[in-house]
There are 2 protein chains.
Amino acid sequence: MYVYQVKHGAVRSYKLLSDGRRQIGAFHLAGDIFGLENGDKHRFTAEAVVETVARLIKRESLQLAAARDAVVSHNLLSMITRNLEHAEDHMLLLGRKTAVERVAAFLLEMDCRTGADKMSLPMTRLDIADYLGLTFETVSRALSSLRKAGVLTFLDHDQREIMLNDRRRLADFDPQGPAQP
Amino acid sequence: MYVYQVKHGAVRSYKLLSDGRRQIGAFHLAGDIFGLENGDKHRFTAEAVVETVARLIKRESLQLAAARDAVVSHNLLSMITRNLEHAEDHMLLLGRKTAVERVAAFLLEMDCRTGADKMSLPMTRLDIADYLGLTFETVSRALSSLRKAGVLTFLDHDQREIMLNDRRRLADFDPQGPAQP
DNA sequence: CGCGGCGTTGACGATGGTCAATTTTCGTGG
DNA sequence: CCACGAAAATTGACCATCGTCAACGCCGCG
């Protein structure tokens with residue numbers, strides 16, 4: 001019914017299997033718009049990960065605007081396309097990357113989206129695990145091994161604040177796709 | 001530059017990692033339109049899996065038509081949305097399902113898309129594996145175990161022609177997502 | 001014929017999952 | 001403010017699923 005824009009905080013959207021296994025499709029951070037992806041039926045469940053403020057937009061009014069204004073309609077299309085791109089990249093990660101590669105890719109993604117070297121990850125290890133198709137123990141171990149390798153540091157007393165020491169070396173852990181042939 | 005519609009045959013579109021690991025994002029069968037997903041740069045490589053005939057559409061002319069005709073533009077949006085839905089479901093499969101569950105889900109998807117009980121899979125075991133995030137050996141073993149369980153039968157020595165004996169029982173191997181809470 | 005591609009199957013091993021113990025953090029209420 | 005309990009995170013030991021490596025069969029094609 002609505003489309004949302006995160007003002008601040010973080011939101012996860014996910015799917016469940018009947019026995020409770022969860023796959024988080026995306027995290028939505030400050031500025032992100034979500035809820036867009038739906039046709040009519042909602043296909044994802046969205047929950048706040050931390051205290052979050054979001055702006056509400058009536059889907060209906062958006063569709064009206066899109067119907068009349070080609071620019072709005074174009075922006076809508078390009079936002080959905082971005083979602084699709086993200087999903088495509090994430091399929092590659094889920095289908096073909098190892099645990100450390102996934103965690104490295106995740107850190108690079110978050111780093112890229114938040115801007116600063118010092119990141120504060122709003123989500124728990126379990127959330128990260130369900131995003132990456134791993135268990136939280138494996139995520140924890142991967143982070144520890146990256147810390148031991150010296151590419152990142154946990155900042156005082158809060159293992160959610162992470163400092164990237166060497167982005168280049170971190171990127172070496174994540175084999176990005178080459179130019180497609 | 002172009003958008004394609006498969007007349008008959010089958011196409012795979014995939015991404016690669018630098019060391020050659022491959023993730024197939026989708027198979028395009030007769031009737032399917034693909035190449036749509038792109039912004040400007042192509043993000044997937046597409047190859048025919050078997051002898052294939054496809055229709056070409058100039059992207060430019062499609063965009064022109066979409067800009068002037070709201071119906072075309074709407075159809076375009078809903079096709080991309082379908083792609084996105086598929087990618088979302090596939091993330092759940094890749095992140096959270098076991099080998100047999102993946103293969104069962106794949107068979108159900110193909111069955112659903114081709115219509116008949118008797119399916120002929122145009123792609124090799126390796127293609128299936130790269131679609132499901134597995135190895136071809138694991139795919140082969142999963143198929144064998146489903147055959148031993150009696151839910152399917154190989155119809156030819158080629159093992160590409162498959163007969164589904166019991167769709168219900170096959171579906172039991174694939175834990176679909178419940179109504180999202 | 002023999003060779004190469006595809007598929008199946010077995011033996012073995014590694015990556016990541018499971019289970020459990022421990023520590024730190026944090027929220028709540030005395 | 002401190003104490004307590006719950007939640008989050010780390011770490012270790014063990015194990016299962018799936019990947020790796022290898023052998024083999026079956027066809028099609030030169």
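So that the names make sense, note that chain A is the first sequence line, chain B the second, and so on, each numbered from 1.
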Using the side-chain heavy atoms of [X], tell me which of these nucleotides is nearest: [options].
{"X": "A:A99", "options": "D:dC18, D:dG12, C:dG16", "value": "C:dG16"}
{"X": "B:F136", "options": "C:dT8, C:dA11, C:dG16", "value": "C:dT8"}
{"X": "A:T124", "options": "D:dT10, C:dT9, D:dA8", "value": "D:dA8"}
{"X": "B:H157", "options": "C:dT8, C:dG17, D:dG28", "value": "D:dG28"}

Measure from [atom1] on [X] to [atom2] on [N] and round the result to the nearest Å.
{"X": "A:E137", "N": "D:dT11", "atom1": "CD", "atom2": "C1'", "result": "10 Å"}
{"X": "A:I162", "N": "D:dA9", "atom1": "CD1", "atom2": "P", "result": "10 Å"}
{"X": "B:D158", "N": "C:dG5", "atom1": "CG", "atom2": "C1'", "result": "11 Å"}
{"X": "B:R96", "N": "C:dG16", "atom1": "CZ", "atom2": "P", "result": "13 Å"}
{"X": "B:F154", "N": "D:dC27", "atom1": "CZ", "atom2": "P", "result": "15 Å"}
{"X": "B:L126", "N": "D:dT20", "atom1": "CG", "atom2": "P", "result": "12 Å"}
{"X": "A:L134", "N": "D:dA9", "atom1": "CG", "atom2": "C1'", "result": "16 Å"}
{"X": "B:I128", "N": "D:dG19", "atom1": "CD1", "atom2": "P", "result": "14 Å"}

Any side-chain N or O of [X] below 4.0 angstrom from OP1/OP2 of [N]?
{"X": "A:R147", "N": "D:dT11", "answer": "yes"}
{"X": "A:R125", "N": "D:dT10", "answer": "yes"}
{"X": "B:Q159", "N": "C:dT8", "answer": "yes"}
{"X": "A:T135", "N": "C:dT18", "answer": "no"}
{"X": "B:S140", "N": "C:dT8", "answer": "yes"}
{"X": "B:R160", "N": "C:dG7", "answer": "yes"}

Item checked: Pairwise 5' ranking along DNA chain D for B:T98 and A:R141, keeping only the more 5' one -> A:R141

Check: Tell me, do B:V139 and B:R102 make a side-chain contact under 4.5 Å, heavy atoms counted?
Finding: no

Next item on the list: Measure from NZ or CZ of A:K58 to the centre of the six-membered ring of A:Y2 and say whether it is under 6.0 Å with the direction within 45° of the ring axis.
Entry: no

Notebook entry, point to check: Are more than 12 heavy atoms from other residues, nucleotides or ligands located less than 6.0 Å from atom NE2 of B:H74?
Noted result: no

Notebook entry, point to check: Is the shortest distance from a Lys or Arg side-chain nitrogen in B:R141 or B:E137 to a carboxylate oxygen in the other one below 4.0 Å?
Noted result: no

Check: Does the side chain of A:E47 come under 3.5 Å of the side chain of A:Y14 through a donor N or O and an acceptor N or O?
Finding: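 Yes, A:Y14 and A:E47 have a side-chain donor paired with an acceptor closer than 3.5 Å.
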
